[in-house]
Amino acid sequence: MTTPAPLHRALHAPGPRPLPDTAARLLRTLDAPPRLAAHLRLVHDVAYRLTDWLAQQHPALPLDREAVLFGAATHDIGKTTHVAELSGPGSAHEKAGQDLLLAHGIPPHLARFAATHATWTLPDIGLEDLLVSVADKIWKNKRVPELEDLVVRRLAEASGRTVWEEFLEFDDALTAVGEDAEERLAFQAAHPV
């Protein structure tokens with residue numbers, strides 16, 4: 001299978017970190033829209049920055065970093081079959097994405113992010129899921145206080161510090177990530193739907 005030039009550019013253009021090999025291969029196999037590949041690279045890159053920050057601030061925090069990074073790299077993969085949701089509203093891609101990942105042999109603990117990235121209020125949602133959700137918002141500097149509060153509470157529970165202390169540090173980290181949003185938006189817009 002020959003990779004179309006626009007998809008190849010979206011996967012390899014200078015800018016955000018490359019996707020994990022498994023995710024990139026899957027996008028090529030599915031002949032993903034280049035805009036989707038660009039978006040997934042951006043959210044993956046932001047998730048990488050967030051997990052780096054967490055490793056520095058909370059080194060003892062139990063976190064499956066590789067799951068977060070894979071989840072960020074594939075969270076919208078269902079948009080390969082629901083292409084209209086690339087430029088418009090819709091949630092059909094969420095369950096479709098999880099099913100697609102499972103059908104391609106991705107283990108359930110990794111495929112789940114496609115379904116959970118927009119439903120952070122579920123009772124058994126993990127910190128990893130919340131981080132993918134945050135990365136999917138903050139890449140374009142969108143702040144969602146109720147989502148961020150869930151992360152802050154988890155961090156406070158794990159660290160024994162006050163919610164306020166954790167909020168201040170997390171807010172600073174998100175503000176720093178958000179400062180590059182215009183560059184990320186331009187990168188995504190440079191790739192066709």
Side-chain angles (χ1 to χ4, degrees), residues 1-55 63-88 90 93-94 96-107 109-118 128-129 131-142 173-174 176-193:
M1 175 176 165
T2 305
T3 302
L7 178 57
H8 181 80
R9 279 194 300 278
L11 290 170
H12 300 288
R17 282 173 184 79
L19 293 173
D21 289 340
T22 303
R25 259 193 318 275
L26 204 54
L27 291 172
R28 285 190 295 272
T29 298
L30 297 169
D31 195 20
R35 173 89 36 100
L36 175 61
H39 172 70
L40 293 173
R41 276 186 71 192
L42 292 165
V43 176
H44 171 261
D45 189 65
V46 167
Y48 195 97
R49 288 178 64 181
L50 291 176
T51 56
D52 265 0
W53 176 84
L54 275 172
L63 180 74
D64 187 343
R65 181 180 186 176
E66 294 308 311
V68 172
L69 296 177
F70 186 82
T74 60
H75 72 281
D76 275 346
I77 202 158
K79 290 183 180 182
T80 59
T81 57
H82 296 278
V83 179
E85 293 183 15
L86 275 171
S87 55
H93 74 278
E94 295 161 14
Q98 182 180 26
D99 293 343
L100 186 65
L101 289 168
L102 292 169
H104 280 86
I106 302 301
H109 79 281
L110 295 175
R112 77 179 194 260
F113 295 101
T116 64
H117 71 274
E128 290 83 358
D129 302 86
L131 291 171
V132 170
S133 298
V134 168
D136 190 32
K137 298 298 181 189
I138 199 64
W139 78 272
K140 60 184 174 185
N141 203 21
K142 181 174 183 182
L174 295 181
V177 170
E179 289 174 356
D180 301 330
E182 283 188 33
E183 291 172 28
R184 285 189 292 270
L185 286 163
F187 180 86
Q188 179 174 290
H191 300 281
V193 176

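Keep in mind it's a predicted model, so treat the numbers as computed, not measured.
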So do [Y] and [X] actually touch side chain to side chain, heavy atoms under 4.5 Å?
X: E128; Y: R112; result: yes
X: F70; Y: I106; result: yes
X: R41; Y: L27; result: no
X: D180; Y: W139; result: no
X: L42; Y: V46; result: no
X: T22; Y: T74; result: no
X: L36; Y: L86; result: yes
X: L11; Y: H191; result: no

Atom of [X], atom of [Y] and distance for their closest heavy-atom approach:
X: S133; Y: T116; result: OG-O, 3.8 Å
X: P6; Y: P192; result: CB-CG, 4.2 Å
X: L102; Y: P107; result: CD2-C, 4.3 Å
X: A10; Y: F187; result: O-CZ, 4.2 Å
X: A32; Y: L7; result: O-CD1, 3.6 Å

Plane angle bin for H117 and H93 - parallel if under 30°, tilted between 30 and 60°, otherwise perpendicular: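 Because their plane-to-plane angle lies in the 30° to 60° range, the rings of H93 and H117 count as tilted.
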Side chain to side chain contact (heavy atoms under 4.5 Å, CB included) between L30 and L100, worked out: CA-CA 10 Å; L30 297 169; L100 186 65; 3.5 Å; yes
Residues that R17 engages under salt bridge (Lys or Arg N to Asp or Glu O under 4.0 Å), provided they are two or more places apart: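 Result, salt bridge (Lys or Arg N to Asp or Glu O under 4.0 Å) vs R17: D45.
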Which residues share a ring pair (Phe, Tyr, Trp, His ring centres under 6.0 Å) with H82, sequence neighbours left out: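 H82 satisfies ring pair (Phe, Tyr, Trp, His ring centres under 6.0 Å) with no other residue.
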Test side chain to side chain contact (heavy atoms under 4.5 Å, CB included) applied to L54 and L131, step by step: CA-CA 10 Å; L54 275 172; L131 291 171; 3.4 Å; yes
For H75, the option from E94, H39, H44 that meets side chain to side chain donor-acceptor pair (under 3.5 Å):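 Passing option: H39.
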Partners passing side chain to side chain contact (heavy atoms under 4.5 Å, CB included) against E66 (at least two apart in sequence or in another chain):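 Testing E66 for side chain to side chain contact (heavy atoms under 4.5 Å, CB included), a comparison that skips the adjacent residues, returns D64, L69.
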Ionic contact status for R65 with D52, cut-off 4.0 Å: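 Yes, charged N to carboxylate O under 4.0 Å.
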Side chain to side chain contact (heavy atoms under 4.5 Å, CB included) between L185 and N141, worked out: CA-CA 10 Å; L185 286 163; N141 203 21; over 6 Å; no
Intermediate values then yes/no, side chain to side chain contact (heavy atoms under 4.5 Å, CB included), V177 and R184: CA-CA 10 Å; V177 170; R184 285 189 292 270; 3.7 Å; yes
